[in-house]
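Below is one structure, written out as structure tokens; comments come after it.
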Amino acid sequence: MSLAPNMVTTLGCFMLVANFFLVWHFDPHFDQPIPKWVFFVNGFFEFWYYTFDCMDGKQARRTGASRCVLA
């Protein structure tokens, strides 16, 4: 209950940043082949980013931070 909804999205965003730096580490100029396992890790992180992004709404409603009013 103490985790802010925006922090959930921010944690997911860090995964996208990690994706970028992982690819950049193996190919700094984005013109060479990248190991196939990097794409698997990118897909895994992308999935968790999307999951965290979807969970922030549920966390906002749970903590009362949502401005959504149900009629």
With hydrophobic residues grouped by side-chain heavy-atom distances under 4.5 Å, do [X] and [Y] end up in a single group?
X   : Y   : answer
M7  : F45 : yes
W48 : L11 : yes
L16 : F40 : no

Does atom OH of Y49 have more than 12 heavy-atom neighbours from other groups under 6.0 Å away? no
Can you name the residues that form a side-chain hydrogen bond (donor to acceptor under 3.5 Å, both in side chains) with D56, not counting sequence neighbours? T9
If you define the side chain from C-beta out and look only at heavy atoms, does anything of [X] sit under 4.5 Å from [Y]?
X   : Y   : answer
F20 : V17 : no
F30 : V23 : yes
F47 : F44 : no

Distance check, rounded to the nearest 0.5 Å: [X] atom [atom1] versus [Y] atom [atom2]?
X   : Y   : atom1 : atom2 : result
W37 : F26 : CH2   : CZ    : 4.0 Å
M15 : N42 : CE    : CG    : 12.5 Å
F39 : L22 : CZ    : CG    : 10.0 Å

So, for D31 and D27, which heavy atoms are closest and what is the spacing to 0.1 Å?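 Shortest heavy-atom contact: N-OD2, 2.8 Å.
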